[in-house]
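Take a look at the structure below.
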Amino acid sequence: MIENQLRANDPPETRQNLDRLLASGYSREDALKLIGQAVVTEIWEVMSQGKPYDAKRYIQALNKLK
């Protein structure tokens, strides 16, 4: 899913945050794992809480990654 987002540049914040994490010293593998946490969090909200996908919520989760 993450690689698809990166290829499509949709949302562009996925690439931006990958680049940010790499620049701060994370390996690509570790940066992708962190981004995966944001993906899983959004999927959890959709599946368990019955909430619709929320791009703003997902992007906020990406931007909080450290």
Side-chain angles (χ1 to χ4, degrees):
M1 181 179 284
I2 298 166
E3 291 295 346
N4 289 340
Q5 290 179 10
L6 293 170
R7 266 192 299 282
N9 198 37
D10 183 24
E13 290 83 1
T14 302
R15 168 69 62 195
Q16 293 165 4
N17 280 284
L18 174 62
D19 292 343
R20 177 179 61 81
L21 292 167
L22 293 172
S24 67
Y26 286 96
S27 68
R28 181 176 174 84
E29 181 180 349
D30 287 342
L32 290 175
K33 285 179 184 178
L34 285 171
I35 292 170
Q37 290 177 353
V39 170
V40 168
T41 299
E42 185 58 29
I43 291 171
W44 174 261
E45 292 292 325
V46 171
M47 300 297 289
S48 71
Q49 305 298 317
K51 296 179 181 178
Y53 168 72
D54 185 333
K56 183 178 177 180
R57 182 176 58 217
Y58 174 58
I59 291 166
Q60 286 175 339
L62 286 172
N63 290 334
K64 290 179 182 176
L65 297 173
K66 295 183 181 185

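The first residue in the sequence is number 1, and the count goes up from there. Keep in mind that what you see is a predicted model, and the values were worked out from it rather than measured.
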Item to complete: Give the intermediate values and the outcome of side-chain contact (heavy atoms from CB on, under 4.5 Å) for residues Tyr58 and Val46.
Response: CA-CA 11 Å; Tyr58 174 58; Val46 171; over 6 Å; no
Fill in: Full working for salt bridge (charged side-chain N to carboxylate O under 4.0 Å, His left out) between Glu13 and Lys64
CA-CA 12 Å; Glu13 290 83 1; Lys64 290 179 182 176; over 6 Å; no
Item to complete: Evaluate side-chain contact (heavy atoms from CB on, under 4.5 Å) for Leu32 paired with Glu3, printing each intermediate quantity in order.
Response: CA-CA 9 Å; Leu32 290 175; Glu3 291 295 346; 3.7 Å; yes
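Shown here for Pro52 and Arg57, the closest heavy-atom pair between the two residues is O-NH2, 3.1 Å. Taking each heavy atom of Arg20 and Asn63 in turn, the nearest pair found is NH2-O, 3.9 Å. The heavy-atom pair separating Leu22 from Ala31 by the smallest distance is CD2-CB, 4.3 Å.
Through direct or indirect side-chain contacts shorter than 4.5 Å among Ile, Leu, Val, Met, Phe, Trp and Tyr, Trp44 is connected to no other residue.
Taken to the nearest 0.5 Å, the CG atom of Asp19 stands 11.0 Å off from the OG1 atom of Thr14.
Side chain of Glu42 to main chain of Asp54: a donor-acceptor pair is present (N/O by atom type, distance under 3.5 Å, no hydrogens or angles). A side-chain donor-acceptor contact under 3.5 Å links Tyr26 to the backbone of Lys66.
A single hydrophobic cluster is seen to contain both Ile2 and Leu21, as judged by linkage of ILVMFWY side chains at heavy-atom distances under 4.5 Å, directly or through other members. Put simply, Leu62 and Ile43 are part of the same group of oily side chains (I, L, V, M, F, W, Y) that touch within less than 4.5 Å, one to the next.
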Please report, to 0.1 Å, the donor-acceptor pairs under 3.5 Å made by any side chain of residues 33-41, with sequence neighbours excluded.
residue : atom : partner : partner atom : Å
Lys33   : NZ   : Glu29   : OE2          : 3.4
Thr41   : OG1  : Gln37   : O            : 2.8

